[in-house]
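Residue numbering restarts at 1 for every chain, and letters A, B, ... go by the order of the sequence lines.
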Amino acid sequence: MIELVTTPIDREQVVRSVASPQAGAVATFDGVVRDHARGKSVTHLYYEAYPEMAKTEMVKIRKQALERWPLHGLAIVHRTGRLEVGESSVFIAVASAHRADAFEACRFVIDTLKTSVPIWKKEHYRDGEVWIEGYGA
Amino acid sequence: MIELVTTPIDREQVVRSVASPQAGAVATFDGVVRDHARGKSVTHLYYEAYPEMAKTEMVKIRKQALERWPLHGLAIVHRTGRLEVGESSVFIAVASAHRADAFEACRFVIDTLKTSVPIWKKEHYRDGEVWIEGYGA
Amino acid sequence: MVVKICLFASLRDVVGQSEIVIDSVPPGNTALQVFHRLARRFPGLRRYRKALLVAVNQEYSDWDQEVSPGDEIAFFPPVSGGAA
Amino acid sequence: MVVKICLFASLRDVVGQSEIVIDSVPPGNTALQVFHRLARRFPGLRRYRKALLVAVNQEYSDWDQEVSPGDEIAFFPPVSGGAA
């Protein structure tokens, strides 16, 4: 499952999409909007994507991970638009027979996603807003 | 949240228990009953715990992780009794400001749990059953 | 030749639109030359040049790649998706 | 003195019960001596000795720890919880 969505991410649905009777381990990563960043209080975030390319890049990352680790399932869902504090911007689920593979692949996916998938976030504060661009923000 | 349960684990409830407005990352690990092990087809598992001590050891692991990484929440739930293929035996959720801490702490918890928490599993096959004891089984 | 340009995040804010069609690009122009052509119209873009990424037809591209008629050329800042 | 012994997994299967109260343990006995006393009654336990863990009052313990009246002594195989 590779999806760009504009509504809240249903984590259980994503986890179920990677389930397999052969999988003994499911690792997930959930990226959540924090109430503070760069020393400022965040009121909400806005995520913008280059949608077609973002999806292409997410498919590539999934393919790389499936080639590199023996996995039974891998799903990536990224949300765009306005997100409130506590809401999930990205959710990754990885299923494998053994836990090391699930952990490593999950980490690889989020690390790679953050440098290659064309999605940007704008942080909104009580007194302004700023695009957070690049360099592992 | 540290719990030993005998009914299905509600993952969403566990994830919600670690949520915090300061947490930007939630890593989870879900240990699931596989349909095969040691070259045999598994029909179901039976988990037995030394309940009071298991809980004490889980509390210790949580404390160690909270001392070692800056975390906003950490929950461990282990299920005992009869489990079918695809059901979760253990679910761990870790929340932190940044993802590296959540991943590392989550990995630490499952690795340590598997060597120190007094819980044993019996694998049931079509033609028999065997206690899986020790050494990272 | 005609190319379509897509802009995102702060670049889109500078230009005030997310898509621009340019119809005066000389054949053989590189992605960098297209950017400079755009920056002449929108000088506010110049300060982004150093940290910019470019994609041609939704694939990351080099700045010296020659563009073709009808290409979709996207300029954008380093990405910041994910969170945490 | 009286101690309570708890057995788990395959050890419990060998003995046929999960708790045994022993009332004839000499003062100063170690956890290992308690195990040997139990193994005299249930010889099937002997083959587990090498890979066994012991807990006294729900804390992992050394085999040479002296036990006290009323202690809860648990013998069990290396753990295998978790899955995967």
Test item: D:Phe76 and B:Glu133 side chains (from C-beta on) under 4.5 Å apart, heavy atoms: no
Output for pair (D:Glu72 CD, B:Glu52 CD), nearest 0.5 Å, gives 6.5 Å
Pick one of side chain, backbone, both or neither for B:Ala49, based on which atoms fall under 4.5 Å of a heavy atom in chain D. backbone
Distance in Å, D:Arg12 CZ paired with B:Trp131 CH2, rounded so as to fall on 0.5 Å steps: 5.5 Å
Given the options B:Glu57, B:Lys122, B:Arg79, which has more heavy-atom pairs under 4.5 Å with chain D than any of the others? B:Glu57
Heavy-atom closest pair (B:Thr115 atom, D:Tyr60 atom, distance to 0.1 Å) is O-OH, 4.4 Å
Greatest number of non-hydrogen atom pairs under 4.5 angstrom with chain D, of B:Tyr46, B:Phe91, B:Tyr50, falls to B:Tyr50
Report which part of D:Asp13 has an atom under 4.5 Å of a heavy atom belonging to chain B: side chain, backbone, both, or neither. side chain
Can any side-chain N or O of D:Ser80 pair as donor or acceptor with the backbone N or O of B:Ile132 at less than 3.5 Å? yes
Any non-hydrogen side-chain atom of B:Lys60 less than 4.5 Å from a side-chain atom of D:Glu59? yes
Could you tell me which portion of B:Glu48 (side chain, backbone, both or neither) has an atom closer than 4.5 angstrom to a non-hydrogen atom of chain D? side chain
Please work out whether the ring planes of B:Trp120 and D:Phe8 are parallel, tilted or perpendicular, with thresholds of 30° and 60°. parallel
